Amino acid sequence: MKIVRVDTEVDDITYGGVEPEGIRLYRGSPFVAWEPTETVVAWEQARLLSPVIPTKVVGVGKNYADHAAELVSEVPTTPIIFLKPPTTVVGPLQPVRYPEDSNEVHHEAELAVVIGKVTKDIAPDAVDGHILGYTAANDVTARDLQRADGQWTRAKGFDTFCPLGPAIDTEVDPGEGLSIVARVNGEVRQSGSTGDMVFGVGELVSFISRVMTLLPGDVILTGTPAGVGPVRPGDRMEVEIEGLGVLVNPVVGR
Ligand code: ZN
């Protein structure tokens, strides 16, 4: 199924499931217990929110060989992980704010894993049962600050720097190689396949779970293919992943 979070005028319930007629509202949450209600709202009645509120977003650096090459960097032999604070998360159509302190903000189209249950010290082949599903993400990065700081907390940590959505798909299999595309103002900037990740989803979730306990709703960004590049205020960024829909976010000025 496709799971969304919505702000509607109908109810204060926020989780929903996508159906042919619209969005069916659910009581509870997919991470604990939930059940469908009788209420189906039309898309026009609903504003999509980030499909999940994570306690942390774990990023993975240089997980596509072609992107490592464009950064003039080696492909890592173990995953390189970093954190984005949960305050970076925004939903579909919500603006990404260009920070005062940067002059080089880049888009990074990424597949995001949404963790479904408490996950600690798990083996790669046992990861599947711990994943709720997948959504699209944009790991927005201030590239100039990433270079200047020598570590990535500031460059990747600005408020609004982690658009997620539009929905969590519980059925797709990224191991099959889903196309992943970034467009800016309609022009294709990145075009890759999730099949080209250096470390697959099983290895990544296992590796991270040996460092930190992953909680329900936590998000793992699995790295970006080649073609990252700058955006400016007024631009419209799109991340499209096969089977997951299109995540659209405008960039707004400082
Ligand atoms: Zn990234």
Side-chain angles (χ1 to χ4, degrees), residues 54-90 96 99 101-102 104-115 119 122 124 127 131 134-164 174-175 177-178 180-182 189-214 218-231 237 239 241 247:
T55 73
K56 56 188 169 293
V57 177
V58 186
V60 177
K62 296 182 273 193
N63 199 34
Y64 287 78
D66 56 356
H67 174 60
E70 76 181 348
L71 295 179
V72 197
S73 189
E74 299 290 319
V75 173
T77 52
T78 51
I80 297 170
I81 61 174
F82 58 92
L83 288 169
K84 287 169 89 83
T87 41
T88 55
V89 172
V90 293
V96 169
D101 296 335
S102 174
E104 191 185 3
V105 172
H106 281 196
H107 55 82
E108 292 190 359
E110 310 208 2
L111 174 79
V113 180
V114 181
I115 297 296
T119 301
I122 194 169
V127 159
I131 293 174
Y134 298 90
T135 192
N138 193 339
D139 176 22
V140 180
T141 301
R143 195 72 66 203
D144 50 353
L145 305 184
Q146 187 181 29
R147 279 191 301 265
D149 290 359
Q151 53 99 325
W152 306 354
T153 304
R154 184 165 66 130
K156 289 178 177 285
F158 285 98
D159 288 354
T160 74
F161 267 28
C162 189
L164 295 175
L178 310 174
I180 175 165
V181 173
R189 295 278 190 87
Q190 294 180 272
S191 180
S193 166
T194 60
D196 292 336
M197 289 194 280
V198 176
F199 301 102
V201 168
E203 287 172 282
L204 291 175
V205 174
S206 171
F207 181 86
I208 295 163
S209 81
R210 285 186 277 126
V211 180
M212 62 189 84
T213 303
L214 293 165
D218 281 354
V219 168
I220 296 169
L221 308 182
T222 56
T224 198
V228 299
V231 292
M237 302 186 287
V239 175
I241 299 179
L247 171 64

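Throughout, numbering of the chain's residues begins at 1 and tracks the sequence. Please read all numbers here as calculations on a predicted model, not as lab measurements.
Taking 4.5 Å as the limit, some side-chain heavy atom of V105 sits within range of a side-chain heavy atom of P99. Counting heavy atoms from C-beta on, the side chains of Y134 and T194 never come closer than 4.5 Å. Annotation: side chain of K56 is in contact with side chain of L214 (closest heavy-atom distance under 4.5 Å). Using a 4.5 Å heavy-atom threshold, the side chains of C162 and L221 count as touching. Taking the side chain as every heavy atom from C-beta outward, R189 and H106 never approach each other to under 4.5 Å. For the pair P54 and V89, the minimum side-chain heavy-atom distance is below 4.5 Å. For the pair N63 and L204, the minimum side-chain heavy-atom distance is below 4.5 Å.
Nearest heavy-atom pair, A65 versus V198, reported as atom, atom and distance to 0.1 Å: N-CG2, 3.9 Å. The heavy-atom pair separating A109 from P225 by the smallest distance is O-CD, 3.5 Å. Across every non-hydrogen atom of V96 and P163, the tightest pair is CG2-CG, 3.6 Å. For the residue pair L145 and A155, the shortest heavy atom distance occurs at C-CB, 4.0 Å. Closest heavy-atom contact between I241 and T135: CD1-O, 4.3 Å. The shortest non-hydrogen separation linking A142 to F158 is CB-CE1, 4.4 Å.
Atoms CG and OG, on D218 and S209 in that order, are 12.0 Å from each other to the nearest 0.5 Å. With rounding to the nearest 0.5 Å, the separation of CH2 in W152 from CZ in R143 is 8.5 Å. To the nearest 0.5 Å, atom CD of residue Q146 and atom OG1 of residue T141 are 6.0 Å apart. Here CG of D139 is found 12.0 Å from NE2 of H107. Values are rounded to the nearest 0.5 Å. Rounding to the nearest 0.5 Å gives a distance of 11.5 Å between CD1 of I208 and CD of E203. Separation of atoms CE (M212) and CG (L83) is listed at 5.0 Å; rounding is to 0.5 Å.
Judged by distance alone, with hydrogens and angles left aside, the side-chain atoms of S206 form a donor-acceptor pair with the main-chain N or O of I122 at under 3.5 Å. Of the possible polar contacts, one joining the E70 side chain to the G227 backbone as a donor-acceptor pair under 3.5 Å is found. Between the side chain of K84 and the backbone N or O of K156, at least one donor-acceptor pair lies under 3.5 Å. Within the 3.5 Å criterion, the main-chain N or O of E108 finds a donor-acceptor partner in the side chain of N138.
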Take M197 and V60 through the side chain to side chain contact (heavy atoms under 4.5 Å, CB included) test and state the conclusion after the steps. CA-CA 11 Å; M197 289 194 280; V60 177; over 6 Å; no

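With Q190 as the partner, the side chain to side chain contact (heavy atoms under 4.5 Å, CB included) test is satisfied by one option alone out of T224, I180, D66, V181: T224. Among V205, V127, T55, V58, the single residue meeting the side chain to side chain contact (heavy atoms under 4.5 Å, CB included) criterion with I115 is V205.
More than 12 heavy atoms of other residues, nucleotides or ligands lie within 6.0 Å of CD in Q151, so this atom counts as buried by the packing criterion.
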